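Since this is a predicted model, take the numbers as computed values, not measurements. Counting begins at 1 with the first residue of the sequence.
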Amino acid sequence: MGPANKSQLSPSTFWLMGIPGLEHLHVWIGIPFCSMYMVALMGNVTILAVVRAERTLHEPMFLFLCMLSVTDLVLSTSTLPRMLCLFWMEAHDITFDACLAQMFFIHSFTAMESGFFLAMAIDRYVAICDPLRHTTILTNSRIAKMGAVVVLRGVGFFSPHPILLKQLPYCRTRIIAHTYCEFIAVVKLACVDTGATKRYSLSVASVIGSCDGFFIALSYVLILRAVFRLPSREASLKALGTCGSHVCVILVFYSTAVFTFLTHRFGHNVAPQIHIFIANMYLLVPPFLNPIVYGIRTKKIREYVLSFLRVKFS
């Protein structure tokens with residue numbers, strides 16, 4: 001068991017517990033987590049390399065996909081390597097500054113992930129509902145501006161998190177009952193009233209998530225309406241297959257996010273290991289699934305990768 005209070009641990013350090021009650025399974029839990037991270041790493045790097053190399057892929061959909069891939073790489077790399085050190089090497093200690101940095105990357109890039117899902121939904125809406133004006137509506141300039149807005153929103157709304165936590169006194173236990181530095185888990189360690197800080201964090205997360213979720217849902221409702229009006233049954237089925245896989249990834253992202261949010265707000269009786277496991281899925285599954293759904297299932301990317309492999313090994 002790790003240190004229990006301030007007198008036993010330097011004020012500049014926290015102690016990550018991992019998954020409470022499942023410490024004896026940490027080594028085994030780390031194996032699928034590592035596998036998912038490796039798939040996410042290779043998949044997202046492959047997407048970036050393919051889009052960069054193939055000029056015909058410099059289209060709105062693939063440019064947004066590259067932004068999503070960069071977000072996934074940062075999001076997974078800011079959590080997984082540190083988590084695996086905890087699981088496999090029992091490296092529980094984390095400095096306060098490293099904890100704040102990890103927290104900032106997690107929350108800001110999660111908001112960016114949500115924003116890029118919205119941008120890609122808008123792109124699909126324009127491509128299906130107004131295909132003749134797709135490239136004139138979503139020009140490179142507008143794509144860059146949309147990407148900049150998503151990044152600035154994530155950084156702007158979540159920069160106060162580490163600043164607020166840096167100013168709080170911590171006189172309780174230094175043990176974080178989690179696998180990474182989650183905002184609420186760290187706030188609970190402060191020895192002053194943190195109601196306003198919690199409300200700010202939950203309010204920002206709920207506003208961003210609900211707004212993005214609403215407009216994503218609206219985009220796909222309009223897309224479905226347009227798809228069912230297509231004269232060709234083959235075209236309708238193809239569009240439905242593409243949109244269906246996209247919606248599945250988005251549902252996984254938002255369902256785990258909503259569960260985590262509601263657990264913080266109302267789920268005081270939820271077992272901590274369930275909450276922490278779902279919180280980990282919230283960070284691990286989207287970066288793992290996105291390259292598969294948006295990459296492998298995308299014909300142009302799949303054909304380029306296969307042709308490259310044939311040339312490489314012929």
Look only at the side chain of [X] and the backbone of [Y], and say whether a donor-acceptor pair between them is shorter than 3.5 Å.
X    : Y    : value
H58  : V51  : yes
T79  : L75  : yes
N44  : A40  : yes
S206 : S203 : yes
T194 : T197 : no
W15  : H92  : no
S255 : V252 : yes

For atom [atom1] of [X], is the number of surrounding heavy atoms from other residues, nucleotides or ligands below 6.0 Å larger than 12?
X    : atom1 : result
F277 : CZ    : no
E23  : CD    : yes
F157 : CZ    : no
F33  : CZ    : yes
W28  : CH2   : no

Verify side-chain hydrogen bond (donor to acceptor under 3.5 Å, both in side chains) between Y37 and T77, making sure each step is shown before the conclusion. CA-CA 8 Å; Y37 175 60; T77 303; 3.2 Å; yes

Which heavy atom of [X] sits nearest to which heavy atom of [Y], and what is that distance?
X    : Y    : value
F87  : G30  : CD1-CA, 3.7 Å
L222 : C129 : O-SG, 3.8 Å
G147 : F116 : CA-CE2, 4.0 Å
I276 : G18  : CD1-O, 3.9 Å

Could you walk me through whether V249 and F117 pass the side chain to side chain contact (heavy atoms under 4.5 Å, CB included) check? CA-CA 10 Å; V249 173; F117 277 137; 3.9 Å; yes

Determine the interplanar angle of the H161 and F183 rings, folded into 0 to 90°, and report it as parallel if under 30°, tilted if 30 to 60°, perpendicular if over 60°.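 Aromatic pair H161/F183 classed tilted.
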
Could you tell me how the ring of Y170 sits relative to the ring of F96: parallel (under 30°), tilted (30 to 60°) or perpendicular (over 60°)?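 The arrangement is perpendicular - the two ring planes meet at more than 60°.
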
Indicate yes or no: at least one non-hydrogen side-chain atom of [X] is less than 4.5 angstrom from one of [Y].
X    : Y    : value
Q102 : E182 : no
K166 : D97  : yes
I106 : M103 : no
V39  : P291 : no

Run the side chain to side chain contact (heavy atoms under 4.5 Å, CB included) test on M17 and T179 for me, step by step, so that the C-alpha distance in whole Å, both residues' side-chain angles and the decisive distance to 0.1 Å come before the verdict. CA-CA 7 Å; M17 180 183 291; T179 53; over 6 Å; no

Measure from the ring center of F104 to the ring center of F158 and say whether it is less than 6.0 Å. no

Kindly determine whether V186 and C99 satisfy side chain to side chain contact (heavy atoms under 4.5 Å, CB included), including the steps that lead there. CA-CA 9 Å; V186 177; C99 186; 4.0 Å; yes

Show your working on side-chain hydrogen bond (donor to acceptor under 3.5 Å, both in side chains) between H134 and D123 and close with a plain yes or no. CA-CA 8 Å; H134 182 213; D123 168 65; 2.7 Å; yes

In sequence, state the C-alpha distance, the side-chain angles, and the governing distance for C85 and R82, and then conclude on side chain to side chain contact (heavy atoms under 4.5 Å, CB included). CA-CA 5 Å; C85 287; R82 184 65 189 78; 4.1 Å; yes

According to a 4.5 Å side-chain heavy-atom criterion applied to Ile, Leu, Val, Met, Phe, Trp and Tyr, with indirect links allowed, do Y282 and V204 form part of one hydrophobic cluster?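 Not linked; separate clusters.
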
Is L25 reachable from L86 through a run of I, L, V, M, F, W or Y residues, each pair having side-chain heavy atoms under 4.5 Å apart?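 L86 clusters together with L25.
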
Decide, yes or no, whether a salt bridge links R153 with D212 under the criterion of side-chain N to carboxylate O below 4.0 Å. yes

For S69 and N290: C-alpha separation, side-chain torsions, deciding distance, then whether side-chain hydrogen bond (donor to acceptor under 3.5 Å, both in side chains) applies. CA-CA 8 Å; S69 291; N290 289 342; over 6 Å; no

Does the side-chain hydrogen bond (donor to acceptor under 3.5 Å, both in side chains) test come out yes or no for S114 and Y254, once each step is laid out? CA-CA 8 Å; S114 177; Y254 280 103; 2.5 Å; yes

